[in-house]
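Down below is the structure, laid out as structure tokens.
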Protein chains: 2
Amino acid sequence: MVFGVWIQQVNEMLEQKNPRSKYRLKRQSLPEALADSLRERILNGEFKEGEPLVQEAIAAEYECSRMPVREAFRQLEAAGLIVSKIHKGAVVTTLPSEQIMELFELRAMLECDILTYALSRMTDHHLDISEQILEQLEDAYHKRDIAKVGALNWEFHRSLYVPADRIQTLALIQGINVQTDRYIRLQLLLTSAFEEAEQDHRQILNLCRSRDTKVVEFMRGHIIRAGHNLLDALNTRKMSGTAV
Amino acid sequence: MVFGVWIQQVNEMLEQKNPRSKYRLKRQSLPEALADSLRERILNGEFKEGEPLVQEAIAAEYECSRMPVREAFRQLEAAGLIVSKIHKGAVVTTLPSEQIMELFELRAMLECDILTYALSRMTDHHLDISEQILEQLEDAYHKRDIAKVGALNWEFHRSLYVPADRIQTLALIQGINVQTDRYIRLQLLLTSAFEEAEQDHRQILNLCRSRDTKVVEFMRGHIIRAGHNLLDALNTRKMSGTAV
DNA sequence: CGACACCCAACTGGATCCAATCTACATAAG
DNA sequence: CTTATGTAGATTGGATCCAGTTGGGTGTCG
């Protein structure tokens, strides 16, 4: 299970609720920082599917020894981003398309569930924050900043779920989103199908503002459609024989 | 997210489907073996909630250096069984009861979903395997072998879901089950409420044999009830002031 | 008597070194 | 010419060593 580390993050977020000290400095060990950086690079497609990750090369890049790299690899492996075989090294995970769709279906199920909880607990303050994120997201999208769009897309979804106060569910969803993000960012490169998602987001926020329970089913459609669009994009890419 | 490592396991299982070589020797590195062993010990309650895990002590126990221990810790942390703070070491995770119930609710949702997929694909062969596991489970239960009951309980559930061929979902469920197992085993020590679950299991298997879709809702009740029973047991224990 | 500073022991974090294993290429036998 | 085998380079796995941080205990000063 990939979500232990997210639980910790979520917990840290929630600790901020009672802001005994306003300033929290985030301290992370080198392996964690490395894992963050490598995760981002995988998500951005810098390391492509099936590409081997060599410990020594990474260590050299970050100017550290191989040890923290090894620990970071364990984290990424637990997150499902890489698989490592004994004495043969690590490679970036490759998912068959059925499993990609399965991930989107899982997201649909879990995110609809948590959204139901969240809807009745949302305050206007929550919604303002979501709107703020959405504006940043739209901005990033128009600037074609893929990495930022990927990150903010999740931030927006997440902001809608926080009021539910369902820590385990949120951690689980975050773990799945990390995986789907890879493909969403890939899709952003390939197609312009994200336009549609942009409009969905506005609609979702509006429905939330009026506390309309129809938003749950709309969200399900939003996620499932995103999955289908992605698979279409991947298939046409495969058809046209473009290299990864 | 905790489920990357499970995905690998599940994939290895499925690889056996095309048995190019009948004999597969499982080779795991020391960190993996350590993680397995430590996970089992945490699940069995040998390391209790909040108890610190000292790298050096573990390393001495297993007669190895601290390095594989550190990597094993990363895995356990990703699985949500321990949390480690920088320069302060690792402690066994403590979950508030709302989060425990949340885990059971997640299981209910995910396991019902996958069971729906599995039901239409089950063969008699699958069911025979499940029955076999169930018999072992009943046997272990009558012998009061807590660890074995915990493991076989999951094996039984799992065997019902395998036909669904939903790898990601199964991996996710497995990750959650690892966490709930801790408390299920604790409950086995405290109460005799598992009798009820035993009968449930027979009922579930019978409904599966007749491919009755009512089994899905029955499963939901089975899991949710297990969660409630567990919380009751935990509360009465807390009331009576018994130490962990 | 209490508060603050300092110091020391225990532990974790990271680097370097050595051993085990895999891959690829070359070489030899059929 | 094909296939099997042996060997060298590369890469991972594990152990040992050193540095940095934490927390508690002691001593000193107000």
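Residue numbering restarts at 1 for every chain, and letters A, B, ... go by the order of the sequence lines. Hydrogens, waters and symmetry mates are skipped; everything else that's a heavy atom, side chains included, is used.
- Across the helix from C/dC1-D/dG30 to C/dG30-D/dC1, the helix axis at one end is tilted relative to the axis at the other end by 0° (nearest 10 degrees, each axis from five pairs).
- Partners of A/Thr93 by side-chain hydrogen bond (donor to acceptor under 3.5 Å, both in side chains), not counting sequence neighbours: none found.
- Taking atom CD of residue A/Glu71 and atom C1' of nucleotide D/dG14, one finds them 13 Å apart after rounding to whole Å.
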Please list, for nucleotides 7-10 of chain D, all pairs of protein and nucleotide N/O atoms separated by less than 3.5 Å.
none

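- Listed by chain and residue number, nothing satisfies the side-chain hydrogen bond (donor to acceptor under 3.5 Å, both in side chains) test with B/Glu98 (two or more places apart in sequence, or in another chain).
- With sequence neighbours excluded, no residue forms a side-chain hydrogen bond (donor to acceptor under 3.5 Å, both in side chains) with A/Asp113.
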Nucleotide N/O to protein N/O under 3.5 Å, stretch nucleotides 18-22 of chain D:
residue, atom, partner, partner atom, Å
D/dT22, OP1, A/Arg27, NH1, 2.7

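- Under the side-chain hydrogen bond (donor to acceptor under 3.5 Å, both in side chains) criterion, B/Asp232 pairs with no residue, sequence neighbours left out.
- Looking at residues two or more places apart in sequence or on another chain, you find a side-chain contact (heavy atoms from CB on, under 4.5 Å) between A/Ser65 and A/Met67, A/Pro68.
- Applying the side-chain contact (heavy atoms from CB on, under 4.5 Å) test to A/His87 and every residue at least two apart in sequence or in another chain returns B/Arg27.
- Nucleotides of DNA chain C nearest to A/Arg70 and B/Val54 differ in position, and the one nearer the 5' end is that of B/Val54.
- Pairs engaging residues 58-73 of chain A under the salt bridge (charged side-chain N to carboxylate O under 4.0 Å, His left out) rule: A/Arg41-A/Glu61, A/Arg70-B/Glu71, A/Glu71-B/Arg70, A/Glu71-B/Arg74 [sequence neighbours left out].
- If you take CG on B/Asp139 and CG on B/Leu137, they are separated by 9.5 Å, rounding to the nearest 0.5 Å.
- D/dT11 atom C1' lies 16 Å from atom CE of A/Met67, rounded to whole Å.
- Backbone-only engagement by B/Gln55 is indicated by non-hydrogen atom pairs under 4.0 Å involving sugar-phosphate atoms exclusively.
- The distance from atom CD1 of B/Ile173 to atom CE of B/Met109, rounded to the nearest 0.5 Å, is 10.5 Å.
- Rounded to the nearest 0.5 angstrom, A/Glu77 CD and B/Glu32 CD are separated by 6.5 Å.
- Across all strands shown, A/Leu53 has heavy atoms under 4.0 Å from sugar-phosphate atoms exclusively, and none from any base.
- If you take CZ of A/Arg74 and P of D/dT12, they are 13 Å apart, rounded to a whole angstrom.
- Contacts between chain B and DNA chain C, taken as any atom within less than 4.0 angstrom of a protein heavy atom, begin and end at C/dT12 to C/dC22.
- Identified under the ring-ring contact (aromatic ring centres under 6.0 Å, His included) test for residues 152-177 of chain A, with sequence neighbours left out: A/Phe156-A/His201, A/His157-A/His201, A/His157-A/His222.
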Run the side chain to side chain contact (heavy atoms under 4.5 Å, CB included) check on A/Leu34 and A/Phe73 step by step: do they pass?
CA-CA 9 Å; A/Leu34 269 172; A/Phe73 277 17; over 6 Å; no
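- Separating the CG atom in B/Leu134 from the CG atom in B/Asn153 is a distance of 10.0 Å, to the nearest 0.5 Å.
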